[in-house]
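Report on the structure given below.
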Amino acid sequence: MISRRDSKARRTHRNEEAASLLREFGRRVMSQEVDVADEARVIEAMTGAVDKMGRVDGAIANAGIMTNARSFLNLSSELYHGLLAVNQHGAMYVAREAARHMKARFDAGDPGGSIVFCASLSALTGSASRDPARAPNGACGSTSGGVCWRSSGSAPSAAGCGA
C-alpha cells in the first residue's frame with residue numbers, strides 16, 4: 001500500500017519498480033495505492049490483498065506526511081488534523097486490519113505474521129523543524145505496544161528511524 005494522502009507524495013512508479021524486482025525472485029507481489037486516512041479504503045484494500053494473495057503475513061505501518069508549518073506556533077487545526085489522519089490514524093487502520101486477518105488465521109491454527117510501526121525518532125528527541133509530527137510519531141510507539149500485547153501477549157519490538 002502506498003500510504004501518503006497527497007498525490008504529489010505518492011510514488012506509484014517506484015512501488016511498481018520494487019514489485020517488479022521482487023517478482024524476479026519468484027515472489028508474488030501486489031502493490032496498491034491507498035489513502036490510509038480513509039478507514040473504509042484501508043479495509044477495502046486489506047480485504048483485496050487477502051483475496052488476491054490468499055493471506056497477509058506482514059504489514060508495515062509507515063504512513064507519514066509533513067506539514068509546511070515548521071513550528072507548533074504556526075500550525076493550523078486543518079494542517080494538524082490532516083497530519084494526524086495520515087500519520088496516526090492511518091497507521092492504526094493498517095495495523096488493525098492486518099491484525100484482524102492474522103488473528104483469524106491464528107484462531108484457525110495458522111499462526112504467524114508481523115506488524116511493524118515506523119516513526120521518526122523526533123517523537124522522543126524533538127526537532128525544531130518537525131514539532132507538528134511529534135504527537136503522531138509518539139502515538140505510533142504507544143500503539144505498537146498495545147497491538148502487540150493485545151494480539152499475542154508478548155512484548156513489542158520497536159525501532160525508530162531518524163528524521
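Note that the structure is a prediction, hence the values are computed from the model and not measured.
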Taking all heavy atoms of [X] and all of [Y], pick out the closest pair and write down the distance.
| X | Y | answer |
| --- | --- | --- |
| Y80 | L75 | CD1-CD2, 3.4 Å |
| F117 | A95 | CZ-CB, 3.3 Å |
| M30 | A49 | SD-CA, 3.6 Å |
| Q32 | A45 | OE1-CB, 2.9 Å |
| A37 | Y93 | O-CE1, 3.9 Å |

What's the separation between atom [atom1] in [X] and atom [atom2] in [Y], rounded to the nearest 0.5 Å?
| X | Y | atom1 | atom2 | answer |
| --- | --- | --- | --- | --- |
| L22 | N15 | CG | CG | 10.5 Å |
| T47 | E97 | OG1 | CD | 7.0 Å |
| L83 | H89 | CG | NE2 | 10.0 Å |
| R41 | E33 | CZ | CD | 9.0 Å |
| R100 | I43 | CZ | CD1 | 6.0 Å |

For this session: Please indicate whether L79 has more than 12 foreign heavy atoms, meaning atoms of other residues, nucleotides or ligands, lying under 6.0 Å from its CG.
Result: yes

For this session: Report, as yes or no, whether the 6.0 Å neighbourhood of atom CZ on R23 holds more than 12 heavy atoms from other residues, nucleotides or ligands.
Result: yes

Problem set entry | Check: H101 side chain, M46 main-chain N or O, donor-acceptor pair, under 3.5 Å | no

For this session: Output, in order, the C-alpha distance, side-chain angles, deciding distance and verdict of side-chain contact (heavy atoms from CB on, under 4.5 Å) for D57 and R105.
Result: CA-CA 10 Å; D57 291 311; R105 275 193 6 235; 3.5 Å; yes

Problem set entry | Linked, directly or transitively: V94 and V116 (ILVMFWY side chains, under 4.5 Å) | no

